[in-house]
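Throughout, protein chains are lettered first and strands after them, A, B, ... in sequence-line order, and every chain is numbered starting at 1. These figures come from a predicted structure and were not determined experimentally.
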Protein chains: 2
Amino acid sequence: MSAEKANSLDVARRAGVSQSAVSRVFTPGASVSKKMSERVLKAAAELGYRPNVLARSLITGRSRIIGLVVAYLENQFYPDALEKLSNALKKRGYHILVFMASNDREGVDQVMQELLDYQVDGIITASVAISNDLTTRCKAAGIPVVLFNRDQDGVKLSAVTSDNYAGAKKIADFLVRGGHRRIAHIAGWAGSSTGRDRQAGFRAGLKQSSRKLHVCVDGMYSREVAAAAVHQMFKKRWKPDAIFVGNDHMAFGVMDALRYDLGLDVPGDVSVVGYDDVPLAAWPTYDLTTLRQPSNRMVEATVDTLLGQIEGTAGQYKKIRIDGPLIVRGTARIPDGWVDEGL
Amino acid sequence: MSAEKANSLDVARRAGVSQSAVSRVFTPGASVSKKMSERVLKAAAELGYRPNVLARSLITGRSRIIGLVVAYLENQFYPDALEKLSNALKKRGYHILVFMASNDREGVDQVMQELLDYQVDGIITASVAISNDLTTRCKAAGIPVVLFNRDQDGVKLSAVTSDNYAGAKKIADFLVRGGHRRIAHIAGWAGSSTGRDRQAGFRAGLKQSSRKLHVCVDGMYSREVAAAAVHQMFKKRWKPDAIFVGNDHMAFGVMDALRYDLGLDVPGDVSVVGYDDVPLAAWPTYDLTTLRQPSNRMVEATVDTLLGQIEGTAGQYKKIRIDGPLIVRGTARIPDGWVDEGL
DNA sequence: AATGGTGCTGCATACGTATGCAAGAAAGAC
DNA sequence: GTCTTTCTTGCATACGTATGCAGCACCATT
């Protein structure tokens, strides 16, 4: 009823105790008698009192806010991850402050600076790169950072990714054994570790079977760029009979271009394999063969690592790579005698 | 270099001025001489000082945090809106704290309570309903709330929606004039204003042409439920020749069920119309005829309304309904002589 | 009864910032 | 030159909470 919010002092007065007592009742693990606790909680309930998280953070030095920097939510992988991260963090008493960033360094750095203004306890960056300058700044301020679905060379930050190298290698093997002759790759942005690792793993896999990459284009993680790459590839005399696309989001654009612009059949004329296994990949329209990034486990690892560093139980940064299975669906020819590891 | 962050007092000492002076330099509109400003900014830069937003909020009573409550990000409409909201708010100096909520009232209320703990300046709820109890609580605490893409009867809160009634009516008209005889509706959750308004508008539109709804099922905004509804409808003797689906997300599930489970052609055998116009709807696989919710304008209106109330320039709550065009694509028969309003 | 220990509680202070007030400086008017 | 007005600055205090310290009460042990 009262216009203003009640604070701990109001509660203290109503319960006839000191302000410290109120604080202790709302501090888990503090020393309070049962009687005291009851009195205070009663008064608090009557006034609708709840502790002010911001004021609390001022003195504890903990805001219980995690900053999340993310570049774009168009690729379904990220909203999905955001949702899971938010839920996992909520369970442990933290919440997410969202920052959209353009993918260039400047943009990210500026945004991270704003993040720090909020005294966040930790930072998760989803598929964006940050400058070394800012890295040292975070380290100086003692703010843990975890890179999600991206790593960065020579940077002493925790990173959680899937095993992109191994995953792409699996795909190469799958396509080779499927009898494809001209295998192309539309890569993830070469400026990202994820894009580079997948490309490297894919090349390594082909090499192991003495094959060479027929053609390779940077798709920049963009549906449009990937579609344009397809057009380019199919103008040439020797057209690919298989394409490994750097993520599902681009793969959908590639399939649409193949089917609707070029009138080709997938996988009759061309096999397509993606990477991520976003929910859309399982829809029958696409039914995309793809390598699953186990987002549940990636999120778990991210949260564990981050909170470990925040709460001081884990000391150093770590690089975590999580293995994912190849999900065989209908967009790529299945090799004879292929045994599905998904089961 | 120093382990601890610099505060305004450190800056003051280094610049040889008072702490208040530092504060004023970083407070837009405060009275400071040019010389003072330069000295302070120099010292601040040397120490890497930036004001602590949380401490500031304690005294100003403004956190510059907006709470966003959202139920699910699977429907592409919401990540898209989230991104746009975040960008629009950032421009005006606010940031978004995200809370995922299950769609039942209890879940939402609990989450809103947590939100209030963070002293947010305002709240945006995306397609979730909140209890009257909590509504009055927010009002008592003086925290403005804007409902996004959802309204609530008898609740004195601002709400921004598209004109669902008029939009659905347009669709009814479009289908009738397209010569469809048995027009079905897979509705959005009847517990939501959005779902109800679209259904009511659709029925009204049919009635205007003396038609009746052939069959109507609640799709609960779920892809699976909507697909099951399709199966149900096509088991009957009299099968629909057109379906208006309560949003695009369900419409995709409906189309998949029609094409892949039942082997039907869209729009040859059945016309399908959606609602939202998410990016996916424009992809050639779906090429969905749908009513566009103008998310840019909805976001603008939401931000304007919310900040208007926060900054005290706008007094009362308002209900804003934004008109959207019918985007005619390839999933529904086009009436002879139809003039596209999209242009 | 005296001693030691344990469990609660209140007092006082600190966190980092903004702002009303009054005093000082500068500038203008005559 | 004096007086008034406008700017600029520092002092002191407030925001709402957590926590070290000391004191108190209570109980158990000797």
Subject >> dC7(D) phosphate, OP1 or OP2, under 4.0 Å from Ser31(B) side-chain N/O >> reply: no

Original post:
Taking CG from Leu54(B) and C1' from dA18(C), how many angstroms apart are they, rounded to a whole number?
Top reply: 15 Å

**OP:** Mind calculating the distance between CZ (Phe26(B)) and C1' (dT19(C)) to the nearest angstrom?
**Re:** 17 Å

Original post:
Roughly, in whole Å, what's the span from CE in Met36(A) to C1' in dA25(D)?
Top reply: 13 Å

Original post:
So what does Ser33(A) hit on the nucleic acid, given a heavy-atom distance under 4.0 Å: a base, only sugar-phosphate, or nothing?
Top reply: sugar-phosphate

Original post:
Of all the nucleotides listed (dC11(D), dG10(C), dA14(C)), which has the minimum atom distance to the side chain of Ile59(A)?
Top reply: dA14(C)

Original post:
Counting side-chain heavy atoms from CB outward, which of dA18(C), dT17(D), dG16(D) is closest to Thr27(B)?
Top reply: dA18(C)

Subject >> Value in whole Å for how far the P atom of dT17(D) lies from CG of Leu9(A) >> reply: 9 Å

**OP:** Can you tell me the distance, in whole Å, between the CG atom of Asn7(B) and the C1' atom of dA18(C)?
**Re:** 14 Å

Original post:
Whole-Å distance between dC26(D) C1' and Lys35(A) NZ?
Top reply: 12 Å

**OP:** Inspect the surroundings of NZ in Lys156(B) and state if more than 12 heavy atoms from other residues, nucleotides or ligands are less than 6.0 Å away.
**Re:** no

**OP:** Among the candidates dT17(C), dG10(C), dT19(C), find the nucleotide nearest to the side-chain atoms of Ser20(B).
**Re:** dT19(C)

**OP:** Would you mind classifying the nucleic acid contact of Val22(B) as base, sugar-phosphate or nothing, using non-hydrogen atoms under 4.0 angstrom?
**Re:** nothing

Subject >> Presence of Ser18(B) side-chain N/O under 4.0 Å of dT9(D) phosphate oxygens OP1/OP2 >> reply: no

Original post:
Among the nucleotides dT17(C), dT8(D), dT19(C), which one has an atom lying closest to any side-chain atom of Thr60(B)?
Top reply: dT19(C)

**OP:** Using the closest heavy atom to pick a nucleotide of DNA chain D for each, name whichever of Ala55(B) or Lys34(B) lands nearer the 5' end.
**Re:** Lys34(B)

Subject >> Non-hydrogen side-chain atoms of Met112(A) and Thr125(A) separated by less than 4.5 Å >> reply: yes

**OP:** Round to the nearest Å and state the distance from Asn52(A) atom CG to dC15(D) atom C1'.
**Re:** 9 Å

Subject >> Within 6.0 angstrom of Lys42(A) NZ, more than 12 heavy atoms from elsewhere >> reply: no

Subject >> Given DNA chain C, 5'-ward residue of the pair Gln19(B) and Arg24(A), judged by closest heavy atom >> reply: Arg24(A)

Subject >> Whole angstrom value for the distance that separates C1' of dC8(C) from CD of Glu38(A) >> reply: 15 Å

Original post:
Are OP1 or OP2 of dG16(C) and a side-chain N or O of Tyr118(A) less than 4.0 angstrom apart?
Top reply: no

Original post:
Counting side-chain heavy atoms from C-beta on, which of dT19(D), dC15(C), dT17(C) comes nearest to Leu58(A)?
Top reply: dC15(C)

Subject >> Pair Arg196(A) + Asp153(A): basic N to acidic O under 4.0 Å >> reply: yes

Subject >> Thr194(B) side chain reached by Tyr221(B) side chain, heavy atoms, under 4.5 Å >> reply: yes

